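Computed from a predicted model, the values in this text were never measured in an experiment. Values reported hereafter were calculated over all heavy atoms of this structure, with side chains retained and with hydrogens, waters and symmetry mates removed.
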Amino acid sequence: MNINFDLHDLQAFSAAAELGNFRKAAEAVHISQPAFSRRIDKLENALGVKLIDRSTRSMSLTGVGRDFARKVRLLLDDLDETLLGIQEVGGARMGEVTVACVPSAVYYFLPQVLRTYHARFPRIRIKVHDASANEVLSVVASGEADFGVNFMGNDEPGIEFRSILEERFVAACRKDHPLAKKRKVSWQELGQYDFMSVSKSSGNRMLLDLALASADQRPQSIYEAQHVTTLLGLVEAGMGVAAVPSLAMPSADHPVLASVPLFDPIITRRIGLIRRKGRSFTPAAEKLYELLLGLRPGSRRKSVVKT
């Protein structure tokens, strides 16, 4: 059998089967009646069967035509649904986005961005992979996440890093601690108290070790934890003090915790969006990426980086 017909021929036949009239069917598909008749002839010749019995005044489907009309209608409905789905995804109206993010960034600004994004695109599903800086870098590089929010990746081959803000490391302590009354604290002074740190596997620990490598005196930790959030829990319990990124700190109205800028040296980390070079975004991922790229520090703090 020579399958020498196209989608327009199927649409013409479906219109004829539905309307039961060649003139009305030709108007429905926006062509002349002679052109419409040629499409039906073409389809019948290609299939080698009679689909429609017609005269100058009437038409009716043959037995084969009735069965074929039902199957064509299902086929066209499925095609319409498929094309609509593609258009929805292309317009970022539906789909899925996976974002890998360091926990401090999740806490600080990601919720407000996701709230805005969801209001614009309520049918898009969002997965947040909150993990350590090393893991965020890994899942973005492997393609498991569309992009990431991280302070690592600026020097990684194959990774594009676009900065969105810079934050300073601060001393975290209780509000009843002597350091809480100071405007700023040196690293040497911080070491005079029970000091707690994240473990050596942490990206924050690596950043601090590099920055303090040439310091004459540096705090020596008596407690180590895997995550900054755990450190803050220990600080709140009165176990000691810690150096943490400012984004990780709760707001100033927290009943227990306080933060004081650290200096000598001032250590900062740059938060940015990371993506794999050469990887194209889906429209849904691109919209969220652009929203985060335009982010500015929120009103929860007047400034992320203090001097």
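Under the salt bridge (charged side-chain N to carboxylate O under 4.0 Å, His left out) criterion, Arg276 pairs with no residue at all, not counting sequence neighbours.
In the hydrophobic clustering of ILVMFWY residues, with side-chain heavy atoms under 4.5 Å counting as a link, Val256 and Met249 come out apart.
Taking CD1 of Ile159 as the start and CD1 of Ile274 as the end, the distance is 5.5 Å to the nearest 0.5 Å.
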Stepwise side chain to side chain contact (heavy atoms under 4.5 Å, CB included) check, Glu236 with Leu232: CA-CA 6 Å; Glu236 187 171 354; Leu232 292 178; over 6 Å; no
Test log, rule side chain to side chain contact (heavy atoms under 4.5 Å, CB included), inputs Met239 and Asp194: CA-CA 7 Å; Met239 301 294 291; Asp194 288 343; over 6 Å; no
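Asn150 has its side chain out of reach of Val140: every pair of non-hydrogen atoms, C-beta onward, lies at least 4.5 Å apart. In this structure, the side chains of Arg218 and Asp209 come closer than 4.5 Å at one or more pairs of heavy atoms. Side-chain contact between Leu292 and Tyr117: absent, with no pair of heavy atoms (C-beta onward) separated by less than 4.5 Å. Here the side chains of Cys173 and Tyr193 are not in contact, with every heavy-atom distance at 4.5 Å or above. In this structure, Asp67 and Leu61 have side chains that are not in contact, with every pair of non-hydrogen atoms separated by 4.5 Å or more. Here the side chains of Val244 and Asn204 are not in contact, with every heavy-atom distance at 4.5 Å or above. The side-chain heavy atoms of Arg269 and Phe169, taken from C-beta on, include a pair separated by under 4.5 Å.
Between Asp253 and Ser251, the side chains place a donor N or O and an acceptor N or O closer than 3.5 Å (distance only, hydrogens not considered). For the residue pair Arg73 and Ser14, a side-chain donor N or O sits within less than 3.5 Å of a side-chain acceptor on the partner. The closest side-chain donor-acceptor pair between Gln226 and Ser201 falls under 3.5 angstrom. No hydrogens or angles considered: a donor-acceptor pair under 3.5 Å links the side chains of Ser142 and Glu144.
In this structure, Val136 and Ala131 approach most closely via the heavy-atom pair CG2-O, 3.7 Å. Shortest non-hydrogen contact noted between Phe13 and Phe68 is CE2-CD2, 3.5 Å. Contact detail for Leu110 and Cys101: the closest heavy-atom pair is CD2-SG, 4.1 Å. Heavy atoms only, all atoms of each residue included: Gly191 and Pro219 are closest at CA-CB, 3.8 Å. Residue Phe195 comes nearest to Gln220 through the heavy atom pair CB-O, 3.9 Å, listed as atom of the first residue, atom of the second, then distance. Nearest heavy-atom pair, Ser132 versus Val102, reported as atom, atom and distance to 0.1 Å: C-CG1, 4.4 Å.
No donor-acceptor distance shorter than 3.5 angstrom exists from the side chain of Arg162 to the backbone of Leu273, with no hydrogens or angles considered. For the pair Glu96 (side chain) and Arg125 (backbone), a donor-acceptor distance under 3.5 Å is absent. Remark: side-chain polar atoms of Lys175 are paired, donor with acceptor, to backbone N or O of His254 under 3.5 angstrom. Arg168 places no side-chain N or O within 3.5 Å of a backbone atom of Ser246 that could act as its donor or acceptor partner. Using modelled atom types, no side-chain atom of Asp130 and backbone atom of Pro103 make a donor-acceptor pair closer than 3.5 Å. Under the 3.5 Å distance criterion, the side-chain polar atoms of Ser259 are left unmatched by any main-chain donor or acceptor of Ala171. Judged by distance alone, with hydrogens and angles left aside, the side-chain atoms of Trp187 form no donor-acceptor pair with the main-chain N or O of Leu262 at under 3.5 Å. Checked by atom type and distance alone, the side chain of Arg205 pairs as donor or acceptor with a backbone atom of Val198 at under 3.5 Å.
Screening His177, Met196, Arg174 for a side-chain contact (heavy atoms from CB on, under 4.5 Å) with Val241, the sole residue that qualifies is His177.
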Give every donor-acceptor pair under 3.5 Å between a side-chain atom in residues 34-43 and any protein atom, sequence neighbours left out.
unit_1 : atom_1 : unit_2 : atom_2 : d
Ser37  : OG     : Gln33  : O      : 3.2
Asp41  : OD1    : Arg54  : NH2    : 2.4
Lys42  : NZ     : Asp9   : OD2    : 3.3

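Lys24 NZ: 12 or fewer foreign heavy atoms inside a 6.0 Å radius.
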